[in-house]
Amino acid sequence: GFKTLWLVGVDHAGISTQLQVTKKLLKEEKKTRWDVGREEFTKRVWEWKAQYGHEITRQIRREGASVDWSRERFTMDESLSRAVREVFVTLFEEGWIYRGFRIVNWCPKDKTVLSDLEVKEETKKDGKLYFLQYPLKNSDKKITVATTRPETMLGDTAVAVNPTDERYRDLVGQMIELPLTNREIPIVADDYVEAQFGTGAVKITPAHDPNDYELGLRHDLPQINIMNDDATLNPEAGAEFEGLDRYIAREKVVEKFEELGLLEKIEDYEIVLPHCERCQTVLEPLLSEQWFVNMSEMRDLALNLMRTEGAPHFSPRVPYEKVYTTWLENLKDWTISRQLWWGHQIPAWYDAGGNVFVARTAAEAFDQAGTKDLRQDEDVLDTWFSSALWSFSTLGWNGEITETEDLKTFHPTDVLVTGRDIIFLWVSRMVMLSEKFVGEKPFKDVIINGTVLGKDGQRMSKLKGNGVNPLDVFDKFGVDATRMTLAGSATGADFAWRDEKVESYRNFANKIWNATRFCLMNSEGAQVDGASLKNAASIADKWIVSRLNKTAQAVNKALGTYQFHEAVQLLYHFFWDDFCDWYIELVKDEITGGKYSELIEDEREDDSLADFTVLAKQNDARTRIITILEQSLRLLHPFMPFLTEELWQKLPAISSNLHNAAYKSAEASIMLADFPAGDSNLIDERAEAEMQIVIDLISKVRNIRAEMQIKPADKPVIHIAANADANRIFAENEAQILKLARAEGLVLGAKLDVPKASAKAVTTVAEIAVPLEGLIDFEKEIARLENQAGKLETEASRLSSQLSNANFVDRAPAEKVQEIRDRVAEIETQVTALRQNLEALK
RNA sequence: AGCCGAUUAGCUCAGCGGAAGAGCGUCUGUUUUACAAACAGAAUGGCAAAGGUUCAAAUCCUUUAUCGGCGACCA
């Protein structure tokens, strides 16, 4: 009955996609992207996308997701691209976007810059630390620096020491003759250097290290870039090194130092290296001119939203709210340009003089520049820049159009379901840009799913080969079972994949199928009818109706707080334990006619009143069980859509009359029926308590049967001693007790009167005895009774000690104290009975 | 320059202030006409360790250990 929208779509995954097509091009045609050119290359990417891009949405369809496919979007759709240009230009005009030289993360393989979030730090255990000696000018002295990247010494423009370091104080201001180059570089003093680390002297390479860059600015040092974009050395490195790969150059530099007698030592050293998240290549910090977003105001938009509204609300709140806020607080500027061809080309144009014109279209840029002799920036934007606009760009906002019916209806959206790895990359940026451009949050809630780990408990990865393909799981166990498995894992918690888990939900699906089959086999004269739940007469009927409604309420509550796993557990146990194992068995005779069939056969000839009464009773029972089943299917439907729809359609008298009022005219489907809310008026605590008494009795008798090895075919008489109330309940349910306990008679009374050769048990309200004639093994029976008594006594002594604690009695809530007193009394009665029985046996 | 998690039955995990739970596995029975992918019954826990708070702690606090995630320029 609510207006809802699940909008699905995909981003263009700039780097990954370009990488795929680049590989394909190289493999099939032995060409690089430059060989085919920008236009042809992007054409190939669109072709690739057409072929493979639907894989994800195909999987989502197969999952049975309730998506509005008519609104599917792609980040490079025309309107979404228009939005990207609009946002870029606006931010530039307002001074939030700028272009500048910075040390950036450079991937020499993909030949593009990466944002800090796309960098994966990995520890290299077999790294080396090289100690190089630099000779001082006009002196025999040398100063030793330690480095993990000796080749960068070719770009050194200083050596720095700590100003308080006594060892080097005299050297500050002196010059060094930098080996392998003909350059002289100064020794400078800076607080950045830690005297205790390494030799206390640091080589400074401003063009190849972020810290050195900063230090270089402070001391006005030259920046010498010695590398090409593929991490080979350029002419600045000297003729001897030009063209060499960075690692070859490293070896060569070390060799040369050794020849010169300037290599002091090499130590083993564990080093942390930045890698490209996509292609795993070791990144190179490089001085480069890029586009950036200044995040200081953006950050405040997001932080204020959290401070004032607590939005977005994360589930689970711990730890993600803090993770999110802490990250925002320490936010640095965002590098948004990428040296790729696949993506949104930056709407900036340059004239011959290098002046920049940022505009929504080329025409606008020409107007600004007063000339058409402009060249558009070749770079594209970070994919996440367009994804950041997703919440509103997909609903029609593109700068030109800023108000749409969809935006009014669906924005802010209710919930974003995502993984923790993109909280910074995506979630935070959507919040910032939505606040900035539509003036409201993109979503109220964010659900962070756990990560599904491989069978080995490790993150899935192609390298480890521990991945699980969902499509294979669908084929093997069914989509519904897979959905139950995923929904059944706690929100936000990681879990190791186990086929066994899906298998158990596959079994559950099978259970639902079989239970429905049973109901349908006995559905003649029945129909789905809500009224049948309101006029339940027997204890068993009232009990199951109560359990159903209680479950429905609890499921609704769990879903309201995104506790999907709790809803799954509730439904699993209600359906399997309560409905199948107890209710179906309790009413089986009534439903199948077993109890009445003879009667009906006999009286079929004449239309006697008895015949009608019996048939009417049977139809009532059938209608009731079908109705309970129908409600259960509705509750299960969001989790197991395929199975429940299939079975629901088979139920008697199914029609669109069962739909929510809004959909009465539509074709009958469980999807359009109301989700049961649970009716408090149908919750009957008394019936549940009374049914529990019957269940306890049956369980105890079954326990005796199993432990005393009574053959299934043997049907004993059950003797029960209980008060009048309990005996009334047993009498009312005699038929069910006899059937489920496989007994042939019930003897009810206030006291037991049975032969010594009887097996005994106690429940909270009754003493039970099953006479076994010659079959009983007294030793075994004594052990059984001792065991029962022992357990109860342990519990009683623990509770008694609580009661004897004055503090507990005084300070705990009175009802808690009373509860424990009642329980102790209950146990004492049971133990007394068991002890008397034991005495009688000895 | 840390910040978070996690540690509960053989395994995978719920529970997060008032009697230790589930699924799988294990053991015993059972071709009971919805279901052997099932049914009935059973066994199995110093809730990581040590302190503390509380009438009451698996649950809250502190410290420690081990594992994991995110972050971090120590050359």
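Within every chain, numbering begins at 1; the chains are lettered A, B, ... in the order of the sequence lines, protein sequences first and strands thereafter.
A/S504 comes within 4.0 angstrom of the backbone, heavy atoms only, and of no base. Within 4.0 Å of A/I584, counting heavy atoms only, lies at least one base atom of the nucleic acid. Contact annotation for A/E566: no contact, since no heavy-atom pair falls under 4.0 Å across all strands. Across all strands, A/A493 comes closer than 4.0 Å only to sugar-phosphate atoms, never to a base (heavy-atom distances). A/A515 comes within 4.0 angstrom of a nucleotide base, judged by non-hydrogen atoms across all strands. In this structure, A/G200 reaches the bases: a heavy-atom distance under 4.0 Å links it to at least one base atom across the strands shown.
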I'd like a table of atom pairs between the protein and nucleotides 69-74 of chain B - only N or O on both sides, under 3.5 Å - with the distance next to each one.
| unit_1 | atom_1 | unit_2 | atom_2 | d |
| --- | --- | --- | --- | --- |
| B/C70 | OP1 | A/K120 | NZ | 3.3 |
| B/C73 | O4' | A/N211 | ND2 | 3.4 |
| B/C73 | N1 | A/N211 | OD1 | 3.0 |
| B/C73 | N1 | A/N211 | ND2 | 2.7 |
| B/C73 | O2 | A/N211 | OD1 | 3.2 |
| B/C73 | O2 | A/N211 | ND2 | 2.8 |
| B/C73 | N3 | A/N211 | OD1 | 2.9 |
| B/C74 | O2 | A/E194 | OE1 | 3.0 |
| B/C74 | O2 | A/E194 | OE2 | 2.6 |
| B/C74 | N3 | A/E194 | OE1 | 3.4 |

Please write out each protein N/O paired with an N/O of nucleotides 64-66 of chain B under 3.5 Å, distance rounded to 0.1 Å.
none

Could you run down the sub-3.5 Å N/O contacts of the protein with nucleotides 36-42 of chain B?
| unit_1 | atom_1 | unit_2 | atom_2 | d |
| --- | --- | --- | --- | --- |
| B/A37 | N1 | A/R506 | NH1 | 3.4 |
| B/A37 | N3 | A/R506 | NE | 2.6 |
| B/A37 | N3 | A/N507 | OD1 | 3.2 |
| B/A38 | OP1 | A/N507 | ND2 | 3.0 |
| B/A38 | O3' | A/K511 | NZ | 3.1 |
| B/C39 | OP1 | A/K511 | NZ | 2.9 |
| B/C39 | OP1 | A/W576 | NE1 | 2.5 |
| B/C39 | OP1 | A/D581 | OD1 | 3.3 |
| B/G41 | O3' | A/N703 | ND2 | 3.3 |
| B/A42 | OP1 | A/N703 | ND2 | 3.0 |

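Comparing B/G18 with B/G29, their P atoms are spaced 40 Å from each other, to the whole Å. Distance check on atom C1': B/U64 versus B/A56 gives 26 Å, rounded to whole Å. When the P atom is used for both B/G45 and B/A22, the distance is 15 Å, rounded to whole Å.
In the interface, the side chain of A/R823 is paired with the base of B/A19 through a donor and an acceptor atom under 3.5 Å apart.
Rounding to whole angstrom units, CD1 of residue A/I820 and C1' of B/G18 are separated by 7 Å. As rounded to whole Å, 6 Å separates atom C1' of B/G23 from atom NZ of A/K501. Between A/E267 atom CD and B/A75 atom P the separation is 12 Å, expressed in whole Å.
For A/R517, the listed nucleotide lying nearest its side chain is B/C35; candidates were B/G5, B/C24, B/C35. Distance from the side chain of A/F495 is smallest to B/C13 among B/C13, B/C35, B/A22.
Residue A/E500 qualifies as enclosed at atom CD: its count of foreign heavy atoms under 6.0 Å is above 12.
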Under a cut-off of 3.5 Å for both distances of each Watson-Crick or G-U pair, what dot-bracket string does RNA chain B give, using [ ] for crossing pairs and | for inter-strand pairs?
.(((((((.[[[[.)..(..]]]].(((((.......))))).....[[[[[..)....]]]]])))))).....
Protein proximity profile, nucleotides 51-62 of chain B - base contact B, sugar-phosphate-only contact S, no contact -, cut-off 4.0 Å on heavy atoms
----B-------
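Taking only side-chain nitrogens and oxygens, A/H573 never comes nearer than 4.0 Å to OP1 or OP2 of B/G21. OP1 or OP2 of B/C3 has not a single side-chain nitrogen or oxygen of A/K322 nearer than 4.0 Å.
Among residue pairs with one or both ends in residues 700-709 of chain A, those qualifying as side-chain hydrogen bond (donor to acceptor under 3.5 Å, both in side chains) are A/E707-A/R784; sequence neighbours excluded.
Ring orientation note: the planes of A/W576 and A/F508 are close to parallel, at an angle under 30° on the 30°/60° scale.
For A/F579 and A/F575, the ring centers are positioned less than 6.0 Å apart.
Not one N or O on the side chain of A/N105 forms a donor-acceptor pair closer than 3.5 Å with the backbone of A/V113. Between the side chain of A/R483 and the backbone N or O of A/F639, at least one donor-acceptor pair lies under 3.5 Å.
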Please walk me through it: do A/Y505 and A/Y572 pass ring-ring contact (aromatic ring centres under 6.0 Å, His included)?
CA-CA 9 Å; A/Y505 285 116; A/Y572 182 96; 5.7 Å; yes
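Mapped onto RNA chain B by nearest heavy atom, A/A496 and A/N330 fall at different nucleotides, with A/N330 at the one closer to the 5' end.
When only modelled atom types and interatomic distance are considered, A/K501 and A/S489 share no side-chain donor-acceptor pair under 3.5 Å. A/E826 and A/T764 are not linked by any side-chain donor-acceptor pair at a separation below 3.5 angstrom, with hydrogens and angles left out of the test.
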